[in-house]
Amino acid sequence: MQKSDFRGVLPAITTKMTPDQELDLDGVRADVTFQIDAGVDGIIVCGSLGEASSLTRHEKLAVAGAALEAAAGRKPVLLTIAEDSTRAGASLAAEAETMGIAGLMVLPAMRYLADDREVVAHYRAIAAASNLPIIIYNNPIAYGINITAEMLKEMADEPKFVAIKESTGDTRRINETIAALGDRYQLLTGVDDLALESLILGCHGWIAGLVVAFPRETVAIYKLAMAGRIAEALEIYRWFLPLLHMDIGPKFVQNIKLVEHIVRGTSPVTRAPRLALVGAEAAHVRAVTETGLKNRPDLAKYGF
């Protein structure tokens, strides 16, 4: 897989659950079909939004298998590696390759706050476990580990490391990474409400969250930005921003699943310890979503 394969909009889809918090694999298949039909460029399963922390290894493989079935080779499916140990992550990566997964999005090992040397060793071990290309997921706000430009330089000799999901929340990191490493890595924005800014600064793709409810709008913003039609992209983006803010904060999974439910009728169920939103939190998400639907832009105006 070449770096160009990670260009575009890559939804980090939610993991669909039944009312008793079991996997709804038919829901996963329907979701993948919905996203591909809307024009996305790939599918990422079992990420942070996909409730990786609440899924077993067996469940992650089941979700990946369902996504592969639905994609049917039309678009690549990537699996997130977010395990507690390097050994578990490497084992999952190896098995994912045998299934036909096209690539991996890899986080540092969970729970333990590793130092820089340990983080690099973790990533190298995951890379050694399969032949799959890897997106390095950098989210120090959520996971407490900052993958610096110096660490990326150290890992640059491994060709399987092809891209970085930039989720530091600081757009300065995009320029800093490009200044330090040129085009060695493909940069993918991972913060919804900084997406357009990040694309303008040089990101090649958007690993998106609210795309699960609004894929056509997300794809339109990306394509307009890539075509240099920034003013038009900004019109849609400014409409989208109140919804994109739902991607931020500890309850972003509940937020986004509720938005998705309101817009598409999908299951809003999350697995405990996450509980359904209630009271003012639920009312806020509903109000923002209903306003967004009321004012939803006509994409035909932009050629979509």
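On a predicted model such as this, the values are computed, not experimentally measured, just so you know. If you read the sequence from its start, that first residue is 1, and numbering goes on from there. The analysis underlying the following values was restricted to heavy atoms, covering all of them including side chains, and did not include hydrogens, waters or symmetry mates.
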For this session: Drop me the distance from I200's CD1 to T171's OG1, to the nearest 0.5 angstrom.
Result: 10.5 Å
Problem set entry | Donor-acceptor contact present, side-chain R74 to main-chain A70, <3.5 Å | yes
For this session: Can you measure from CZ (R238) to CG (L244) and round to the nearest 0.5 angstrom?
Result: 13.5 Å
For this session: Before accepting this row, confirm whether a basic side-chain N of the pair E235/K301 lies closer than 4.0 Å to the acidic partner's carboxylate O.
Result: yes
Problem set entry | Nearest atoms (heavy-atom pairs only) where A276 meets T270 | N-OG1, 4.4 Å
Exercise. Can I136 be reached from Y112 by stepping across I, L, V, M, F, W or Y side chains whose heavy atoms are under 4.5 Å apart?
Worked result: no
For this session: Report yes or no: do N146 and T148 form a side-chain donor-acceptor pair below 3.5 Å?
Result: no
For this session: In plain terms, say whether E281 and K251 are close enough for a salt bridge, that is, a side-chain N and a carboxylate O under 4.0 Å apart.
Result: yes
For this session: In plain terms, say whether K153 and E150 are close enough for a salt bridge, that is, a side-chain N and a carboxylate O under 4.0 Å apart.
Result: yes
Exercise. Is the shortest side-chain N to carboxylate O distance from E83 to R111 below 4.0 Å?
Worked result: no
Problem set entry | Separation between OG1 of T15 and CG of L25, rounded to the nearest 0.5 Å | 9.5 Å
For this session: Determine, for R29 against D24, whether the closest basic-nitrogen to carboxylate-oxygen distance falls under 4.0 angstrom.
Result: no
Exercise. Are any of the side-chain nitrogens in D170 or R173 under 4.0 Å away from the carboxylate oxygens of its partner?
Worked result: no
Exercise. Under 3.5 Å, is there a donor-acceptor pair between the side chain of Y237 and the main chain of D193?
Worked result: yes
Exercise. Ignoring hydrogens and geometry, is there a side-chain-to-backbone donor-acceptor pair from W206 to G8 under 3.5 Å?
Worked result: no
For this session: Would you check if the distance from the ring center of Y185 to the ring center of F161 is below 6.0 Å?
Result: no
Exercise. Is it the case that more than 12 heavy atoms not belonging to R87 sit under 6.0 Å from its CZ atom?
Worked result: no
For this session: Examine M246 and V191 and state if one hydrophobic cluster contains both, with Ile, Leu, Val, Met, Phe, Trp and Tyr joined whenever side-chain heavy atoms are less than 4.5 Å apart.
Result: no
For this session: Salt-bridge test for D37 and R216: reply yes if a basic N is under 4.0 Å from a carboxylate O, no otherwise.
Result: no
For this session: Spell out, as yes or no, whether a donor-acceptor pair under 3.5 Å connects the side chain of Y123 to the backbone of V106.
Result: yes
For this session: Determine the sole option in E59, E51, Q21 for which the side-chain hydrogen bond (donor to acceptor under 3.5 Å, both in side chains) test with R271 is passed.
Result: E59
Problem set entry | Lys/Arg cation over aromatic F34: R264, 6.0 Å, 45° cone | yes
For this session: Would you check if the side chain of D192 reaches a backbone N or O of L210 as a donor-acceptor pair within less than 3.5 Å?
Result: yes
Exercise. Under the 3.5 angstrom rule, does the side chain of T14 hit a backbone N or O of K16 as a donor-acceptor pair?
Worked result: no
For this session: To the nearest 0.5 angstrom, please state how far the CD atom of E95 sits from the CG atom of L79.
Result: 10.0 Å
Problem set entry | Y143 with I141, same ILVMFWY side-chain cluster at under 4.5 Å | no
For this session: Find out if a path of hydrophobic residues (ILVMFWY) with successive side-chain heavy-atom gaps under 4.5 Å connects L187 to M155.
Result: yes
Problem set entry | Gap between atom CD1 of I126 and atom OG1 of T86 - 0.5 Å precision | 6.0 Å
Problem set entry | Cluster link V212 to I36, ILVMFWY, side chain under 4.5 Å | yes
For this session: Please confirm whether the backbone N or O of L107 pairs with a side-chain atom of H122, one donor and one acceptor, at under 3.5 Å?
Result: yes
Problem set entry | Separation between CD of E166 and CD1 of I135, rounded to the nearest 0.5 Å | 13.0 Å
Exercise. Is a side-chain donor or acceptor of R7 paired with a backbone partner of D41 at a separation under 3.5 angstrom?
Worked result: no
